[in-house]
Student: 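Got a structure here, written out as structure tokens. Questions coming.
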Amino acid sequence: MGLSTHVLDTMHGCPAAGMQVALYTTQGEQATLVKSFTLNADGRNPDGPLYDNASLRKGTYRQVNDVSGYFQAKGVQLPEPNFLNRVALDFGVAHEDQHYHVPLLVSPWSYSTYRGS
């Protein structure tokens with residue numbers, strides 16, 4: 001239960017270890033930082049779930065992933081300005097009693113997400 005994330009680097013075929021991620025709660029255009037962290041070797045939050053099942057609340061959230069910083073740190077030559085800088089995923093939690101998993105599959109030129117299990 002709760003909220004989790006997992007980021008995979010589809011260019012290199014590996015977890016996006018070292019990527020900077022920030023999680024916000026949102027109301028309209030206003031966003032409040034909940035936590036920021038660096039993904040571990042498995043491409044996940046090193047502290048486990050972003051919210052456990054007792055803490056997750058119904059509402060809207062934004063997960064911001066520093067895609068360009070990650071690929072630059074991996075030595076990938078990116079154009080200036082690069083195509084993707086930060087990828088912001090805005091999503092809603094409607095059911096506090098369900099698990100919400102927000103995976104991100106990313107390269108310097110594309111990304112995909114879905115509600116995982």
Side-chain angles (χ1 to χ4, degrees):
M1 299 293 181
L3 173 65
S4 59
T5 191
H6 188 204
V7 182
L8 298 173
D9 170 348
T10 59
M11 179 181 189
H12 297 102
C14 63
M19 182 180 286
Q20 299 293 313
V21 179
L23 178 68
Y24 299 84
T25 57
T26 60
Q27 281 194 320
E29 292 301 312
Q30 186 177 15
T32 303
L33 180 66
V34 173
K35 63 178 70 180
S36 59
F37 52 94
T38 303
L39 297 177
N40 66 14
D42 194 34
R44 299 176 189 271
N45 177 19
D47 298 328
L50 305 176
Y51 281 104
D52 62 22
N53 58 343
S55 303
L56 184 62
R57 297 290 174 252
K58 184 175 181 177
T60 55
Y61 297 84
R62 177 174 296 141
Q63 179 179 309
V64 180
N65 303 272
D66 185 5
V67 172
S68 65
Y70 166 78
F71 283 108
Q72 287 172 348
K74 300 260 312 171
V76 176
Q77 293 289 330
L78 299 174
E80 187 56 46
N82 40 306
F83 184 66
L84 294 176
N85 186 17
R86 289 181 189 86
V87 171
L89 305 174
D90 289 349
F91 61 95
V93 169
H95 304 282
E96 298 170 353
D97 60 337
Q98 295 180 8
H99 180 69
Y100 284 76
H101 183 62
V102 182
L104 176 65
L105 308 173
V106 68
S107 81
W109 306 280
S110 68
Y111 69 91
S112 177
T113 192
Y114 55 94
R115 180 177 172 192
S117 58

Student: Side chains of Q63 and T5: is there a donor and an acceptor less than 3.5 Å apart?
Tutor: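 Indeed, the side chains of Q63 and T5 share at least one donor-acceptor pair under 3.5 Å.
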
Student: Starting at CG of L50, measure out to CG of L56 and round the result to the nearest 0.5 Å.
Tutor: 9.5 Å

Student: First locate atom CD of Q27, then atom OG1 of T32, and finally report the distance between them rounded to the nearest 0.5 Å.
Tutor: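 Interatomic distance, Q27 CD to T32 OG1, rounded to 0.5 Å: 7.5 Å.
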
Student: Can you sort out the partners of D9 under side chain to side chain donor-acceptor pair (under 3.5 Å), two or more places apart, ordered by chain and number?
Tutor: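 Checked D9 against side chain to side chain donor-acceptor pair (under 3.5 Å); matches are H12, Y70.
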
Student: Decide yes or no for R57 and V93: does some side-chain heavy atom of the first lie under 4.5 Å from some side-chain heavy atom of the second?
Tutor: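 Of all side-chain heavy-atom pairs linking V93 with R57, none is under 4.5 Å.
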
Student: What is the distance from atom OH of Y114 to atom CG of L89, rounded to the nearest 0.5 Å?
Tutor: 12.0 Å

Student: Return the set of residues passing salt bridge (Lys or Arg N to Asp or Glu O under 4.0 Å) with D52 (not counting sequence neighbours), or none when no residue passes.
Tutor: none

Student: Output every pair passing salt bridge (Lys or Arg N to Asp or Glu O under 4.0 Å) with a member in residues 90-105, not counting sequence neighbours, ordered by first then second residue.
Tutor: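 The answer is R62-D90.
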
Student: Any donor and acceptor pair, going by atom type alone, linking the side chain of T113 with main-chain N or O of P103 inside 3.5 Å?
Tutor: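 Looks like yes, one N/O pair under 3.5 Å.
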
Student: Taking all non-hydrogen atoms of both residues into account, name the closest pair between N65 and M19 and its distance.
Tutor: CB-SD, 3.7 Å

Student: Closest heavy-atom contact between P46 and N40?
Tutor: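 In terms of heavy atoms, the two residues are closest at CA-ND2, 3.8 Å.
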
Student: May I ask you to test the K74-C14 pair for a side-chain heavy-atom distance under 4.5 Å?
Tutor: yes

Student: With a 4.5 Å heavy-atom cut-off, do Y24 and V64 have their side chains touching?
Tutor: yes

Student: Please list all pairs meeting salt bridge (Lys or Arg N to Asp or Glu O under 4.0 Å) that have one or both residues in residues 29-49, counting only residues at least two apart or in different chains.
Tutor: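 Output for this query lists D42-R44.
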
Student: Quick one: which residue pairs count as a side chain to side chain donor-acceptor pair (under 3.5 Å) with a foot in residues 98-108, not counting sequence neighbours?
Tutor: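 Checked against side chain to side chain donor-acceptor pair (under 3.5 Å) - neighbours excluded - the pairs reaching residues 98-108 are S4-H99, S4-H101, Q98-R115, S107-S110.
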
Student: For the OG1 atom of T25 and the CG atom of L33, what is their distance to the nearest 0.5 Å?
Tutor: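 T25 atom OG1 to L33 atom CG measures 9.0 Å (nearest 0.5 Å).
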
Student: Is L3 close to L23 at the side-chain level, that is, under 4.5 Å between some pair of heavy atoms?
Tutor: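 Yes. Closest side-chain heavy atoms under 4.5 Å.
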
Student: Out of curiosity, W109 CH2 to L84 CG, how far, rounded to the nearest 0.5 Å?
Tutor: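 One finds 9.5 Å between CH2 of W109 and CG of L84.
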
Student: Applying the 4.5 Å side-chain criterion to the ILVMFWY set and letting contacts propagate, would V21 and V34 be lumped into a single cluster?
Tutor: yes

Student: Taking only residues two or more places apart in sequence, or in another chain, which ones meet F91 in a ring-ring contact (aromatic ring centres under 6.0 Å, His included)?
Tutor: Y61

Student: Once rounded to the nearest 0.5 Å, what's the spacing between atom OG of S112 and atom CG of L8?
Tutor: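 S112 OG to L8 CG: 11.0 Å, rounded to 0.5 Å.
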
Student: With distance as the sole test, does T26 use its side chain to make a donor-acceptor pair with the main-chain N or O of T60 at under 3.5 Å?
Tutor: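 Looks like yes, one N/O pair under 3.5 Å.
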
Student: Linking I/L/V/M/F/W/Y whenever their side-chain heavy atoms sit closer than 4.5 Å, directly or via other members, would V106 and V76 fall into one cluster?
Tutor: yes

Student: Is there a chain of hydrophobic side chains (I, L, V, M, F, W, Y, each step under 4.5 Å between heavy atoms) that links V7 to M11?
Tutor: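 Per the 4.5 Å side-chain linkage, V7 and M11 are co-clustered.
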
Student: Between Y111 and L104, does the side-chain contact (heavy atoms from CB on, under 4.5 Å) criterion hold? Intermediate values first, please.
Tutor: CA-CA 7 Å; Y111 69 91; L104 176 65; 3.8 Å; yes

Student: Quick one: closest heavy-atom pair of G43 and P15, and the distance?
Tutor: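 So the two residues come closest at N-CB, 3.5 Å.
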
